[in-house]
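Note that the structure is a prediction, hence the values are computed from the model and not measured. When a ligand or atom number is given, it counts from 1 through the structure's own listing order.
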Amino acid sequence: GNQQQSKKSEKGEEQRQRFLSPPLIRSIYTADPSAHVFDGKIYIYPSHDIDAGTPENDNGEHFAMRDYHVLSMNDINGQVTDHGVALDVKDIPWAKQQLWAPDAAYKNGTYYLYFPAKDKNDIFRIGAATSTNPMGPFKALKEPIEGSYSMDPAVFIDDDENAYMYFGGIWGGQLQRWETDSYEANGSLTDLKQDDAPAISCRVAKLKANMIEFDGPVEKVLLVDSAGKPILGGDHNRRFFEGAWMHKYKGRYYFTYSTGDTHFLAYAIGNSPIGPFTYAGHFMKPVQGWTTHHSIIETEGKWYIFYHDTELSGKTHLRNVKVTELTHNPDGTLKMIDPFKI
Ligand code: FUB
């Protein structure tokens with residue numbers, strides 16, 4: 001009986017190690033893939049993970065990335081090309097370290113790369129860099145975007161051409177230190193530690209037509225349950241942690257994000273790009289590794305999610321990007337994705 005049981009659990013282990021998708025690129029470590037279709041081609045803007053020898057902590061200091069590479073694919077099944085260094089921390093006048101999850105956008109002949117980095121005072125800000133080429137090289141502006149803070153920018157351009165930046169992340173992303181709109185240097189390392197109060201909100205700001213300045217104040221993205229009540233700080237299975245993304249499907253706005261320490265990807269739906277959004281569920285189960293971070297695109301009539309895990313290294317700070325199909329059910333819900341083939 002015992003023997004049989006242990007065989008069974010061994011088999012379970014083997015099955016759990018079968019991944020849904022293979023890494024898109026094996027020559028460098030990549031994470032936080034923000035994918036876009038520009039001119040019919042797929043471009044991926046990931047973090048470029050390296051082992052800088054920094055010990056692991058809750059502040060994420062082991063994520064010590066120094067540059068960005070852009071990846072491209074001619075189509076979703078196509079070969080992945082690494083276009084080399086697109087932007088290096090040494091060429092960003094205001095940035096000191098930790099080039100975390102970037103995003104990109106295109107408008108009027110210019111490609112914009114948006115990225116978080118710690119400034120000389122170790123405060124995360126969000127920068128912009130421009131290029132006439134989707135794969136760079138990108139030239140960073142001299143200062144971060146005025147009024148920006150925290151990390152994980154995601155830029156969404158609506159059908160009416162209005163552009164919005166979603167940003168923020170708690171714990172190492174420092175969003176918990178911006179409750180009063182100014183930085184609390186001695187604030188919490190994790191969250192507000194107020195389980196019964198509304199959770200910390202992701203932020204959204206409309207971008208000016210120049211794509212490099214906020215147009216008006218930074219707003220809080222309201223996330224409510226089906227009864228219209230705010231999701232609470234103690235609700236770690238549902239509250240926003242980091243890694244926001246926006247996509248529009250059949251006229252409705254899908255705000256998607258990571259729940260961080262509970263490792264899910266979750267979604268909430270609204271009728272406006274700035275919310276409020278009603279929590280609708282999880283749509284991806286935990287991957288191998290502490291984080292995943294995603295983006296969603298539509299190409300050739302299908303929807304895809306780009307994400308990462310640690311299949312290649314088994315190490316939390318050395319990740320690899322992947323892609324799989326995303327399915328919207330007829331009722332508008334998202335089909336659950338299991339990153340392991342079971
Ligand atoms: O890659 C560094 C950070 O880890 C990202 O900014 C977060 O979203 C998480 O993936």
Undergrad: May I have a table of the N/O to N/O pairs between ligand 1 and the protein that fall below 3.5 Å, each row giving the two atom names and the distance to 0.1 Å?
TA:
residue: ligand 1; atom: 1 (O); partner: Asp32; partner atom: OD2; Å: 2.5
residue: ligand 1; atom: 1 (O); partner: Arg319; partner atom: NH1; Å: 3.3
residue: ligand 1; atom: 1 (O); partner: Arg319; partner atom: NH2; Å: 2.7
residue: ligand 1; atom: 4 (O); partner: Arg319; partner atom: NH1; Å: 3.4
residue: ligand 1; atom: 6 (O); partner: Ala101; partner atom: N; Å: 3.4
residue: ligand 1; atom: 6 (O); partner: Asp152; partner atom: OD1; Å: 2.5
residue: ligand 1; atom: 8 (O); partner: Asp152; partner atom: OD1; Å: 3.4
residue: ligand 1; atom: 8 (O); partner: Asp152; partner atom: OD2; Å: 2.7
residue: ligand 1; atom: 8 (O); partner: His293; partner atom: ND1; Å: 2.7
residue: ligand 1; atom: 10 (O); partner: Asp32; partner atom: OD1; Å: 2.7
residue: ligand 1; atom: 10 (O); partner: Arg319; partner atom: NH1; Å: 3.2

Undergrad: Using the rule given for side chain to side chain contact (heavy atoms under 4.5 Å, CB included), can you reason through Met284 versus Tyr307, listing the C-alpha separation, both sets of side-chain angles and the distance that settles it, and then say yes or no?
TA: CA-CA 10 Å; Met284 189 183 249; Tyr307 65 104; 3.7 Å; yes
Undergrad: Hey, are Asp261 and Arg239 close enough for a salt bridge, meaning a charged N less than 4.0 Å from a carboxylate O?
TA: yes
Undergrad: Excluding sequence neighbours, so at least two apart, what forms salt bridge (charged side-chain N to carboxylate O under 4.0 Å, His left out) with Asp215?
TA: Lys206
Undergrad: Run the numbers on Lys220 and Glu179 for salt bridge (charged side-chain N to carboxylate O under 4.0 Å, His left out), then give the verdict.
TA: CA-CA 10 Å; Lys220 292 184 173 172; Glu179 275 304 281; 3.8 Å; yes
Undergrad: For Asn57, is the CG atom crowded, meaning more than 12 foreign heavy atoms sit under 6.0 Å from it?
TA: yes
Undergrad: Please say yes or no: joined through hydrophobic side-chain contacts below 4.5 Å, possibly via intermediate residues, are Phe214 and Tyr149 part of one cluster?
TA: yes
